[in-house]
Every structure is written in C-alpha cells, then in structure tokens.
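Below you'll find the structure, written out as structure tokens, and then a few comments.
A, B, ... follow the sequence lines: proteins, then strands. Residue 1 opens every chain.
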There are 2 protein chains.
Amino acid sequence: MAVTLADVAARAGVSAATVSRVLSGNYPVAGATRSRVLRAVEELEYVVNGPASALAAATSDLVGVLVNDIADPFFGIMASAVQSEMGPEKAGGKLAVVCNTGGSPQRELTYLTLLQRQRAAAVVLTGSAVEDPEHTAALATRLRRLAAAGTRVVLCGRPPLPEADGEGADGPGTAAPGAPDSTADAPLTVAFDNRGGARRLTGHLLSLGHRRVGYVAGPAERTTTRHRLEGHRSALADHAPELLADVERLTVHGAYDRSSGYDGALELLRREPGLTAVLAANDTVALGVCAALRDRGLRIPEDVSVAGFDDLPFSADAAPALTTVRIPLHEAGARAGRLALGRESAPPGCVATVRTELMARASTAPPRAGGAN
Amino acid sequence: MAVTLADVAARAGVSAATVSRVLSGNYPVAGATRSRVLRAVEELEYVVNGPASALAAATSDLVGVLVNDIADPFFGIMASAVQSEMGPEKAGGKLAVVCNTGGSPQRELTYLTLLQRQRAAAVVLTGSAVEDPEHTAALATRLRRLAAAGTRVVLCGRPPLPEADGEGADGPGTAAPGAPDSTADAPLTVAFDNRGGARRLTGHLLSLGHRRVGYVAGPAERTTTRHRLEGHRSALADHAPELLADVERLTVHGAYDRSSGYDGALELLRREPGLTAVLAANDTVALGVCAALRDRGLRIPEDVSVAGFDDLPFSADAAPALTTVRIPLHEAGARAGRLALGRESAPPGCVATVRTELMARASTAPPRAGGAN
DNA sequence: CTGTTAGCGCTTTCAG
DNA sequence: CTGAAAGCGCTAACAG
C-alpha cells in the first residue's frame with residue numbers, strides 16, 4: 001500500500017541499502033547517486049517507516065517527558081524547555097512524548113512501562129516525587145530497567161533517588177572497595193534548591209517583622225512539599241525559634257491548586273485570626289489564598305502579606321505583584337533536555353542543583369502596627 | 001540482549017503466536033495457557049517491543065498533538081484534555097507526542113512528516129492557523145497524505161481547511177455529480193466561535209458606553225486574529241457604525257504574549273490618548289495591557305476598561321478580575337481527543353463549533369463621565 | 001562507493 | 001484453542 005524503501009530503490013536504480021544510507025546520511029554516497037535517490041524520494045513522496053527502522057536499528061527517536069499535568073504552566077514550561085533542545089532543527093529530531101501522571105505513582109509506573117515498550121531514547125521525570133517507600137522502590141526498579149535497556153533517565157525538579165540500601169549495607173563507606181563511584185550510572189538529576197528558596201522567603205517575611213505566619217503547604221508526601229517546609233522551619237529556627245512551637249498549627253496541607261489555597265487560607269484564619277502573613281505552596285495556591293483573603297475583606301499586603309513559589313509568568317502581573325521564589329524552570333528543563341540527549345556531560349555527582357531566587361514584590365510588606373487585625 | 005516474545009514462549013512452553021495472542025487479548029486463549037504465559041511474562045520482566053509490533057501490525061499507539069507552545073496554558077489545557085481521553089486507563093493506552101511548532105508553518109509541516117514517519121494513529125492540530133495560501137496548500141497536502149496513510153486528523157481551535165479549489169472549478173455546485181458530500185473525509189474539526197465571542201465582548205463595551213475602544217490584536221495572518229477582529233467590527237457595525245472609520249487606527253497587531261500587550265497599549269495611547277477601553281487579543285496580552293496602563297498611571301477600570309479572551313485560569317484571579325470570553329478549552333480538547341481515537345462519531349458536516357461565553361468581570365466598567373482622560 | 005544477505009521482534013493467516 | 005511459517009520495512013555487517 002504505502003511506498004517503501006524498495007520502491008524508492010527500484011525507481012532510483014540502486015539497492016535498498018543505498019537509499020537507506022542516503023536517508024540516514026551517516027555513510028558516504030556518491031553525489032550523483034544521492035541526488036538520484038533524493039529525486040525518487042520526492043517523486044514517490046516517500047516517508048520512512050519509523051517503527052521499521054526503530055526495530056532494525058534498535059533505537060527510537062522518542063523521548064518521554066513525565067509531568068503531573070501539562071496544563072499547569074509549571075510543567076508546561078519545563079516540558080517546553082525540554083523540547084526546545086530536541087526539535088527537528090536541533091541535533092536529534094526527537095519527538096517528545098508527554099505523559100500526564102496526575103501525580104499518581106501508579107500512572108507514573110505505567111507510563112514508564114509504556115515508554116520502555118516504545119524503546120524511548122530517554123525519559124525525563126519532572127516535578128516532585130512521592131515519598132512512599134514502596135513506590136520509591138518500584139520506581140527505582142523501573143528506572144534501572146529502563147537504563148539497562150539503554151534509555152537515558154533524567155530527573156528534573158526532584159531530588160535524586162535515595163540510595164537503595166542494597167543488601168542491607170548501612171551507611172557510606174561500605175561500598176565495594178575499588179568501586180570508584182557508586183552513583184556512576186545513577187539517573188542524572190537537575191534538582192531545585194527548594195529548601196534554600198523557602199528559607200530565604202520565610203527569612204524575608206520575618207525580617208519584615210511578621211510573627212504570625214501561616215503556611216498553605218502542598219500534598220504531605222511530596223519531596224517538594226517537604227523541602228519547602230524544611231526551608232521554612234530552618235528560617236524560623238534561625239531567626240525566630242520561639243515560633244517553631246506553633247508551626248504545626250499554622251501549617252495546612254492541600255493540593256497544588258487554587259482551591260487548596262482558598263480553602264487553606266480560610267482554615268488558617270480560623271486557627272489564627274491574627275495572621276499577618278501566608279506562605280503558599282506555589283504561585284497558583286497563592287492566587288487562591290489571595291482570593292480567600294479578599295473575600296474576607298482583608299487587603300494585601302496591608303492586612304496580610306502573601307507569598308508564592310515558582311514565579312510563574314502571571315505572578316509578576318498579579319495585583320499586587322506576588323512576592324515569590326523564582327525557579328529558572330526553562331533553564332532547568334533545557335538542561336534536562338540536553339542531558340537526556342547526551343548533548344551535555346553529566347554534572348559532578350550526577351546532580352546539578354539550580355539556584356532559586358527570592359523575588360520580593362508588592363504582596364509582602366511589614367505587618368500593621370500591632371501585628372493583629 | 002533484551003527478553004523477547006520467543007523467550008517468554010519458551011519459558012511458558014507455548015508458541016510465540018500464543019503469547020502474542022494472550023498479550024493483545026484479542027483472541028481466545030485457554031485460561032490455563034493464559035496464566036502460564038502471564039507468569040512467564042512476570043518472571044522474565046518482559047516488555048513488548050513497540051516498534052516491532054507497530055511494524056508487524058502496521059499501527060502505532062502514538063497520537064501527535066501540535067501546539068504553538070506547550071508552555072502557554074491555552075495550549076497546555078487543550079493538550080492535557082486531549083490526553084485525558086487516551087491515558088492507559090482509558091480505552092487506547094495511546095501516547096501523546098506533543099510538538100511545539102512555535103507558530104512556524106515550516107515546523108508544522110516538518111512535525112507532520114515526523115508523525116507520518118511514526119505512523120501516528122492520529123494527529124490533532126490545535127490553535128489558530130496561518131492564512132498564507134501557499135502554506136495552506138502545503139498543509140492540506142500533508143494532511144491528505146496522513147489521512148491516506150490511515151492517520152486520523154483532527155483540528156481543534158482552528159477553522160476547517162478552506163475547500164481546495166481542485167482543478168480550478170469555481171464556486172459550489174461544480175462538485176462531481178453523484179458525490180454526495182465532498183467533505184465526507186475532510187479532517188474533523190472542533191472550531192471555536194471566536195467571531196461570536198468577540199462580537200459579544202465588543203457589544204458589552206459599547207453598551208457600557210465606550211466609544212474610544214482600542215484593540216491589541218494578535219498576529220495579522222492568523223485565523224483566530226482575523227475572526228476575533230471580524231467579530232469586533234461586526235459589533236461596531238451593529239451598535240456604533242460611526243466608529244468603523246476609526247477601527248484601523250485603533251487596532252495594533254502583535255504576538256500573543258504579554259509584551260505585545262504592553263507595547264500595544266502604549267502605542268494605542270499614543271494614537272488616541274482619550275482611550276476608554278482596550279480589547280486584547282487574549283488574556284495574556286491583556287495582562288500586558290494592564291501593566292502598561294498602570295505604568296502610565298491609569299486605573300482599571302476607572303480610567304480605562306480592559307478585556308481579554310480565552311478565560312485562562314489566572315484571569316478570574318487577576319485584580320481587577322478580567323472581563324474576557326470563555327472558551328471551554330478542556331471540553332474542546334477532550335472532544336478532539338475522542339474524535340482522534342474514533343470514540344465519538346463525526347459531527348454533522350465534520351465541524352463542531354464550541355460556544356464561547358462572555359465573562360463580564362471587574363476590569364470593565366462604564367467610561368468616566370466625559371469619556372476622555 | 002555499492003550491492004547482498006541476514007535478521008530485528010512481532011503479528012497473522014492458514015492448518016491442524 | 002494452538003502451532004508453523006511467512007513476512008512487515010528497514011539496517012548493518014560483509015563482500016565486492
């Protein structure tokens with residue numbers, strides 16, 4: 001039905017092998033022959049059969065990109081950046097297979113299997129990881145298999161997998177002597193400095209004079225949630241240790257979405273009407289927090305300061321402009337893309353941590369004199 | 001190296017054919033045999049070789065989704081919706097290949113070829129089309145080839161391709177007699193009612209009393225841009241025909257991004273300092289417009305009303321909340337996904353138009369008494 | 001530089 | 001219900 005290599009070969013009066021060589025361009029072919037082949041390709045409107053060549057060559061030009069939800073700009077930006085490194089004009093000409101896991105560990109595993117089935121050239125896992133030990137183990141196994149099958153694995157925006165404790169060896173130093181680096185073939189990682197960013201953000205609030213600070217955190221079992229909370233607490237410990245006692249009470253958990261921010265803010269207000277600042281799990285949550293505060297008749301930042309995290313494009317244009325922590329998502333995604341394609345060498349220790357930056361804007365200000373509403 | 005069907009067959013003591021049948025599940029196999037095979041699959045950690053089965057079966061489980069830029073929530077939401085209809089748990093278990101065209105016609109064609117090479121099961125083209133006749137023709141050809149190769153083609157958020165005029169036949173009625181419907185195998189289309197939405201939006205502004213209305217439009221050669229402008233003009237013609245003379249002067253074109261909104265608003269202000277309202281090409285552009293107006297010391301909506309288009313998630317949370325036209329992007333994307341998978345029958349005439357809805361919010365209000373600033 | 005020859009791993013008639 | 005056999009279309013040694 002469809003036109004094949006053989007058809008082109010016949011038409012150009014050469015062998016199939018020659019056509020293949022012209023098309024892949026990785027082998028010397030006489031100029032005249034080449035143009036004869038190319039003409040035949042044109043005339044026949046020949047299009048290579050991807051599956052056939054993938055089978056024969058044992059490689060595919062698919063790269064998997066796992067995201068929570070591609071509709072969320074946080075993931076959209078990273079996915080876009082990953083792709084920017086592998087379009088048809090860039091070296092590679094690879095195609096990105098975007099998989100929405102919806103944050104479900106099960107779907108994450110399923111998609112990895114599907115990608116292994118496609119013999120994907122690489123897989124990039126973006127966003128926070130779920131910290132369930134069972135899932136972590138299953139994930140590590142899947143990733144190991146993928147790597148064994150020749151798929152390059154890159155983590156972007158999540159920490160490296162915890163060291164599998166193997167045969168029960170405990171602690172460092174027990175690695176087989178002579179093995180120079182046990183992480184040599186660990187998945188490459190582009191991690192975010194969530195802890196540091198959160199620390200600086202809370203520090204900013206404290207230095208403005210806030211002492212009643214609520215936190216609308218993300219889902220409890222996520223690495224990102226944990227790291228941001230740790231940064232928050234570490235800042236409290238440094239600058240206002242007396243507040244640590246209250247931190248549990250002033251922290252609520254929810255999803256990384258607007259309505260969690262809305263509900264979370266209301267809950268915090270219930271627990272502590274004297275709140276002067278609210279930290280949100282991310283910018284989207286912050287928007288929900290702002291909406292709830294406004295609905296309660298509170299002004300931002302005069303009555304309550306609000307801060308987000310991520311610095312998504314809309315944050316700078318919010319009114320008031322949102323104080324947040326910038327993560328260079330595009331830069332990180334692009335780097336992950338390059339690592340996935342082997343176009344950039346592995347960072348030391350296989351982990352690159354990208355800096356985060358405090359963006360102090362108009363949504364945070366000193367608390368009103370008196371501190372409470 | 002990798003474990004193959006044959007390995008599984010050997011281990012289960014059956015033929016490769018049987019294993020294949022068990023795995024694809026589309027053929028009767030004895031219960032006992034089946035479980036023996038399944039056990040072998042488990043034990044060997046067998047994962048089907050996608051390219052091989054795609055080659056043999058002449059079908060792949062890849063679906064292409066072409067977007068301008070997946071980092072833009074407008075496209076992210078549609079892409080997400082398309083996928084929501086074909087995840088592993090839904091019928092299909094298809095994988096979405098997301099292709100960022102960056103709005104370039106050339107890249108669009110290139111990606112279509114790449115997807116044809118993959119023998120994609122379907123392709124969904126989202127967002128506005130470029131109206132260059134040459135490109136339209138090239139695109140139509142590509143799509144016809146894809147369709148001929150068995151790939152289902154769906155347009156989402158763009159109008160159906162203009163009827164190819166074939167051998168120069170002009171006008172309707174010249175279709176070959178007996179051909180019941182020339183659009184029978186035209187690409188399925190989920191179109192947006194951009195014209196109607198724009199008409200209602202401009203009508204809203206006019207009914208508030210605005211007479212100095214600027215328009216920061218999208219790129220000139222895009223269908224979406226043209227349709228929204230047409231709706232705008234049609235509303236003027238209906239309610240304030242005297243303003244039509246000025247519409248050219250009060251329209252500027254730019255990209256669909258924030259900075260175009262910013263620059264466009266400044267330019268409009270230069271041309272018409274007495275502006276009382278600005279319509280933006282979309283919500284993102286509107287954000288830029290708002291920023292520019294604020295930088296000029298103008299209040300929204302007291303001094304100038306602003307409206308967007310699309311109703312992206314952040315729009316309702318902007319301050320003031322943005323008046324805009326809601327497009328049910330998720331619903332549209334989901335429908336496109338179902339059409340792509342053949343899980344929904346073709347709409348009449350192969351074109352489904354989704355309604356758009358005026359969302360009148362706080363960013364628009366009557367102009368100040370006197371009309372000018 | 002070019003042709004020949006084997007498969008890559010799976011699906012699918014066609015016979016049992 | 002199961003097996004045998006014949007490819008699907010391309011690539012990659014290996015010879016010329």
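Using a cutoff of 4.0 Å between basic side-chain nitrogens and carboxylate oxygens, B:E89 and A:R107 are scored as salt-bridged. The existence of a salt bridge linking B:E108 and B:R158 is confirmed by a sub-4.0 Å separation between a basic side-chain nitrogen and an acidic carboxylate oxygen.
Between the side chain of A:T151 and the backbone N or O of A:A121 there is no donor-acceptor pair closer than 3.5 Å.
Distance CZ (B:R119) to C1' (D:dC10): 11 Å, rounded to an integer number of Å. A:L23 places its CG atom 16 Å from the C1' atom of D:dA12, with the value rounded to the nearest Å. What separates CG of A:L55 from C1' of C:dC8 is a distance of 4 Å, to the nearest Å. Whole-Å rounding puts the A:R117 CZ to C:dG9 P distance at 16 Å. For the pair B:N49 CG and D:dC8 P, the computed distance is 18 Å after rounding to whole Å. Rounded to whole Å, the distance from CG on A:L5 to P on D:dT11 is 6 Å.
Ranking D:dA12, D:dG9, C:dG9 by closeness to the A:T4 side chain, first place goes to D:dG9.
Residues meeting the salt bridge (Lys or Arg N to Asp or Glu O under 4.0 Å) test with B:R145, sequence neighbours left out: A:E45.
The side chain of A:S20 places no N or O atom within less than 4.0 Å of a non-bridging phosphate oxygen (OP1 or OP2) of D:dC10.
In the model, A:N100 has a side-chain atom that pairs as donor or acceptor with a side-chain atom of B:S80 under 3.5 Å.
The distance from the CD atom of B:E43 to the CZ atom of B:R11 is 4.0 Å, given to the nearest 0.5 Å.
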With the criterion being N/O to N/O and under 3.5 Å, what pairs connect the protein with nucleotides 2-6 of chain C, and how long is each?
from	atom 1	to	atom 2	distance (Å)
C:dT2	OP1	A:T33	OG1	2.3
C:dT2	OP2	A:A30	N	2.8
C:dG3	OP2	A:S15	N	2.9
C:dG3	OP2	A:S15	OG	3.3
C:dG3	OP2	A:T18	OG1	2.8
C:dG3	N7	A:R21	NH2	2.7
C:dG3	O6	A:R21	NH1	3.2
C:dG3	O6	A:R21	NH2	3.3

